[in-house]
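To start, the structure itself, in structure tokens.
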Amino acid sequence: MDADTVTVIALIIAAASVGGAVHTVRRVKRQIGEMSDALEDIKNGNGNRRLLSKTHELAAPLAYKINEIVLSYENRLSAYHRTEETNRQLMTSLSHDVRTPLTTLIGYLDAAHKGIVAGRERDDHIRIARKKAHDLKEYIDVLFDWFKLGSGEFSMNVSPTDLTELTRNILIDWIPIFEEAQVDFMIDIPERPFKIRTDPDGYARILNNLLQNVVAHSHADELGIALSKQGGKVMIRVSDNGVGIAKEDLKHIFERLYKCDKGRSQKGSGLGLAIVRQLVERLNGSITADSAEGNGTVFTLLFPLEE
């Protein structure tokens, strides 16, 4: 092959390379233009818009990354809208669940203060007002817990803890409440310690919310609290012989603002069990509920034992 032929071949190869490079640049520029149009569409509210690209194309990694970012943004936006709707419902609930009993509370206290009632009737008015004040405090405490959990301000100090001793200390305060509510109780806590990593205040809120749920809503006259070891976990069972929970309701009882429609008391915020589930999960545990109408309810919690 002579020198002229080699030169011609080299020029052809160079021209082909340049042509290929130009074609590639044009294709990338077209893809960037399509990305720009798609992003503008997304900016204007079309969160379902996605960037299309074949895997072998130079712009493919960028397109896929942008799709991931858009999807993540849409998920967070949906979560924000759900939270906004929940907060709106909470404010509506707050208007009814706080203002109404507060008005009633003021009425009872005014009657006692102004001498409209006297003697035993006055004592009854003060007793009822005191109970309604405690109910309001409980409701407001639940609201604060919910908002703190949602905002990430609910701090936890997790450390090795003897769950048997902690549970006993929590239940001591509940004994007079059970007696006043005429609820017979059976407590089964082993003498030996069960060590877990937990936040004592968080665990106390979990157990208190479950017990309050039984006392306030189940219409039970028998209650059981038992701790036992299950493999590498400690199991806490809170059971009652109340009216139970319908199968359809049972699917939703840990959802925020959900209130059972039948049998169980409608008093409450609809947040207590939702808070329980969030706290249990934050403490690396799990919770389930087993119930049937007329056959009571059993809540079962599991936490990993400390090695």
Side-chain angles (χ1 to χ4, degrees), residues 85-150 154 169-185 201 204-223 225 238 240-246 249 253 255-276 296-297:
E85 175 61 18
T86 297
N87 290 340
R88 186 192 65 77
Q89 293 178 37
L90 275 175
M91 291 303 102
T92 302
S93 176
L94 186 64
S95 175
H96 177 269
D97 293 343
V98 172
R99 290 176 62 186
T100 301
L102 185 58
T103 301
T104 305
L105 168 61
I106 293 170
Y108 278 107
L109 291 175
D110 281 347
H113 177 69
K114 295 176 181 179
I116 298 173
V117 293
R120 186 171 182 178
E121 188 177 4
R122 181 178 183 275
D123 292 340
D124 287 342
H125 273 54
I126 293 174
R127 177 182 57 80
I128 294 171
R130 180 175 177 274
K131 184 178 185 305
K132 288 187 176 295
H134 280 288
D135 288 344
L136 279 173
K137 181 183 182 302
E138 173 198 326
Y139 183 85
I140 291 169
D141 286 345
V142 168
L143 280 176
F144 274 119
D145 280 349
W146 177 257
F147 283 123
K148 284 193 291 185
L149 279 167
F154 197 104
N169 292 335
I170 295 169
L171 293 178
I172 287 172
D173 294 333
W174 277 93
I175 291 175
I177 299 173
F178 296 150
E179 292 174 345
E180 183 180 353
Q182 298 183 327
V183 175
D184 293 331
F185 56 92
D201 289 339
R205 279 179 167 87
I206 291 168
L207 192 55
N208 286 336
N209 280 5
L210 288 177
L211 295 175
Q212 181 62 35
N213 182 73
V214 173
V215 172
H217 305 300
S218 71
H219 304 292
D221 57 17
E222 291 181 7
L223 168 69
I225 304 104
V238 178
D240 67 67
N241 69 339
V243 295
I245 304 171
D249 289 325
I253 59 170
E255 297 174 6
R256 56 193 172 189
L257 298 181
Y258 189 83
K259 299 182 182 181
C260 299
D261 293 329
K262 299 177 182 178
R264 296 169 71 85
S265 168
Q266 287 294 295
K267 186 186 81 170
S269 62
L271 292 174
L273 291 179
I275 290 173
V276 165
T297 303

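Hydrogens, waters and symmetry mates play no part in the numbers below; they use all other heavy atoms, side chains included.
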Do you know which two heavy atoms are closest between [X] and [Y], and how far apart they sit?
{"X": "I206", "Y": "V276", "result": "O-CG2, 3.8 Å"}
{"X": "L109", "Y": "A129", "result": "CD2-CB, 3.7 Å"}
{"X": "A220", "Y": "V183", "result": "O-CG2, 3.6 Å"}
{"X": "A204", "Y": "I170", "result": "CA-CD1, 3.5 Å"}
{"X": "I245", "Y": "I253", "result": "CG2-CG2, 4.0 Å"}
{"X": "K132", "Y": "T104", "result": "CE-CG2, 3.6 Å"}

How many angstroms lie between atom [atom1] of [X] and atom [atom2] of [Y], to the nearest 0.5 angstrom?
{"X": "L223", "Y": "N241", "atom1": "CG", "atom2": "CG", "result": "9.0 Å"}
{"X": "E180", "Y": "K131", "atom1": "CD", "atom2": "NZ", "result": "8.0 Å"}
{"X": "L105", "Y": "L136", "atom1": "CG", "atom2": "CG", "result": "6.5 Å"}
{"X": "H113", "Y": "R122", "atom1": "NE2", "atom2": "CZ", "result": "9.5 Å"}
{"X": "D240", "Y": "H217", "atom1": "CG", "atom2": "NE2", "result": "11.5 Å"}

Can you find a heavy atom in the side chain of V238 that is under 4.5 Å from one in the side chain of N213?
->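 No, side chains not in contact.
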
Check the angle between the aromatic planes of Y108 and H125 and answer parallel, tilted or perpendicular using the 30° and 60° thresholds.
->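 Aromatic pair Y108/H125 classed perpendicular.
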
Test log, rule side-chain contact (heavy atoms from CB on, under 4.5 Å), inputs F178 and L211 = CA-CA 10 Å; F178 296 150; L211 295 175; 4.2 Å; yes

Are L207 and L171 close enough, and set up right, to give a side-chain contact (heavy atoms from CB on, under 4.5 Å), and what steps lead you there?
-> CA-CA 9 Å; L207 192 55; L171 293 178; 4.3 Å; yes

